[in-house]
Amino acid sequence: MKAQDSPAVPRRRHVNRGAPLPLLVPALIGVAFLVLPLVALLVRAPWRSMPDLLTSTEVWQALRLSLVCATAATAVSLVIGVPLAWLLARVEFPGRRLVRALVTLPLVLPPVVGGVALLMALGRNGVVGRLLDDWFGVTLPFTTAGVVVAEAFVAMPFLVISVEGTLRAADPRYEEAAATLGASRFTAFRRVTLPLVAPGIAAGAVLAWARALGEFGATITFAGNFPGRTQTMPLAVYLALQNDPEAAIALSLVLLAVSVAVLAGLRDRWMTAS
């Protein structure tokens with residue numbers, strides 16, 4: 001007796017992965033539009049004089065102030081942003097959607113408008129700034145502390161969004177198990193939740209730091225542009241572009257290198273392999 005023929009296995013049809021011309025052409029134009037300015041920056045960079053430009057007093061002051069203020073703004077964002085993200089992700093309360101919308105508003109708000117809003121709130125004659133000046137003698141505008149405040153205002157939403165997303169993805173049953181074992185809600189947050197969402201906090205902190213480092217509009221509006229006190233790297237680029245274009249290019253390359261480093265550090269979290 002002939003053995004029954006095994007059923008034929010359907011052959012996998014080859015999928016053509018080539019891009020159609022109507023999509024390929026605008027896609028290539030888009031790549032060129034985004035990459036060409038960066039390539040031009042590298043081509044026009046004064047590589048021979050770069051060490052002298054980057055070690056000048058003005059550039060070093062702006063670089064040092066930018067690093068210090070961006071780090072301080074990130075620390076402020078961590079202290080108040082992580083609890084805020086936990087509140088939005090774990091607690092049901094009336095108006096939560098409105099609070100989330102208000103928290104993320106600085107992402108789309110023009111930075112200059114954010115600077116004006118900070119002046120109206122924390123300026124010497126502002127709603128809260130008047131009280132700070134009268135009661136404690138604290139004045140924030142046009143000071144280094146004002147730079148930190150402006151940078152934290154525009155950078156903290158990046159941290160809050162990142163941490164809230166990580167909290168929503170984390171399994172809340174671990175926290176519930178800790179609560180059944182007698183842990184308070186704060187202890188569960190400190191001993192269970194924080195280790196679970198640590199990668200999201202780190203990613204959000206890096207994004208917030210990079211955003212604070214590149215902040216311009218809110219800083220110049222709220223803190224001014226005083227060398228050695230409030231002049232950060234973006235402000236120094238703006239000023240140098242009028243007087244010393246080579247210094248402006250050198251500072252721009254430093255900011256570009258920082259941006260590339262941030263993307264490389266977040267590659268595994270925000271990008272998928274091809």
Side-chain angles (χ1 to χ4, degrees), residues 53-82 84 103 106-107 109-124 126 128-129 132-133 136 138-163 201-241 247-248 250-262 265-266:
L53 291 172
L54 293 180
T55 54
S56 65
T57 303
E58 294 79 7
V59 171
W60 175 247
Q61 283 181 346
L63 176 59
R64 180 183 60 83
L65 185 66
S66 294
L67 295 176
V68 170
C69 290
T71 303
T74 304
V76 171
S77 300
L78 284 169
V79 171
I80 60 180
V82 172
L84 176 57
V103 168
L107 292 175
L109 193 69
V112 174
V113 177
V116 173
L118 286 173
L119 276 175
M120 297 301 102
L122 300 176
R124 181 166 293 181
V128 179
L132 291 176
D133 190 22
F136 306 103
V138 174
T139 303
L140 292 175
F142 310 110
T143 64
T144 304
V147 176
V148 175
V149 170
E151 291 181 351
F153 177 78
V154 299
M156 191 174 69
F158 289 89
L159 175 73
V160 173
I161 289 176
S162 177
V163 177
I201 294 176
V206 172
L207 285 173
W209 185 83
R211 179 64 184 90
L213 189 69
E215 165 52 30
F216 175 83
T219 302
I220 197 171
T221 306
F222 183 66
N225 186 15
F226 302 100
R229 189 172 65 182
T230 65
Q231 187 181 88
T232 57
M233 289 176 63
L235 273 63
V237 170
Y238 175 76
L239 184 63
L241 191 59
L251 277 172
S252 299
L253 287 176
V254 173
L255 292 173
L256 176 62
V258 171
S259 301
V260 171
V262 170
L266 296 177

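Because the structure is a prediction, the values reported are computed rather than measured.
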Contact between [X] and [Y] at the side-chain level, heavy atoms closer than 4.5 Å - yes or no?
X    : Y    : value
I161 : L107 : yes
F216 : V112 : no
L67  : L63  : yes

- [ ] Check for a donor-acceptor pair, side chain of E151 on one end and backbone N or O of F153 on the other, with a separation under 3.5 Å.
- [x] no
Task: Under 3.5 Å: donor-acceptor pair, side chain of S162, backbone of L159 - done: no
Heavy-atom closest pair, residues [X] and [Y]:
X    : Y    : result
A223 : G146 : CB-C, 4.0 Å
V254 : M233 : CG1-CE, 3.3 Å
T74  : A205 : CG2-O, 3.6 Å
A240 : A247 : CB-CB, 4.2 Å
S66  : P234 : OG-CD, 4.4 Å
V103 : V160 : CG1-CG1, 3.9 Å

How long is the straight-line distance from [atom2] of [Y] back to [atom1] of [X], given to the nearest 0.5 Å?
X    : Y    : atom1 : atom2 : result
T232 : R64  : OG1   : CZ    : 12.5 Å
R124 : L119 : CZ    : CG    : 12.0 Å
R229 : T144 : CZ    : OG1   : 7.0 Å
R211 : S259 : CZ    : OG    : 11.0 Å
F222 : T143 : CZ    : OG1   : 7.0 Å
L251 : L241 : CG    : CG    : 11.0 Å

Task: Partner of C69 under side chain to side chain contact (heavy atoms under 4.5 Å, CB included), chosen from T219, V149, V147 - done: V147
Open item on the list: Does F142, at its CZ atom, have more than 12 non-hydrogen atoms belonging to other residues, nucleotides or ligands within less than 6.0 Å?
Closed with: yes
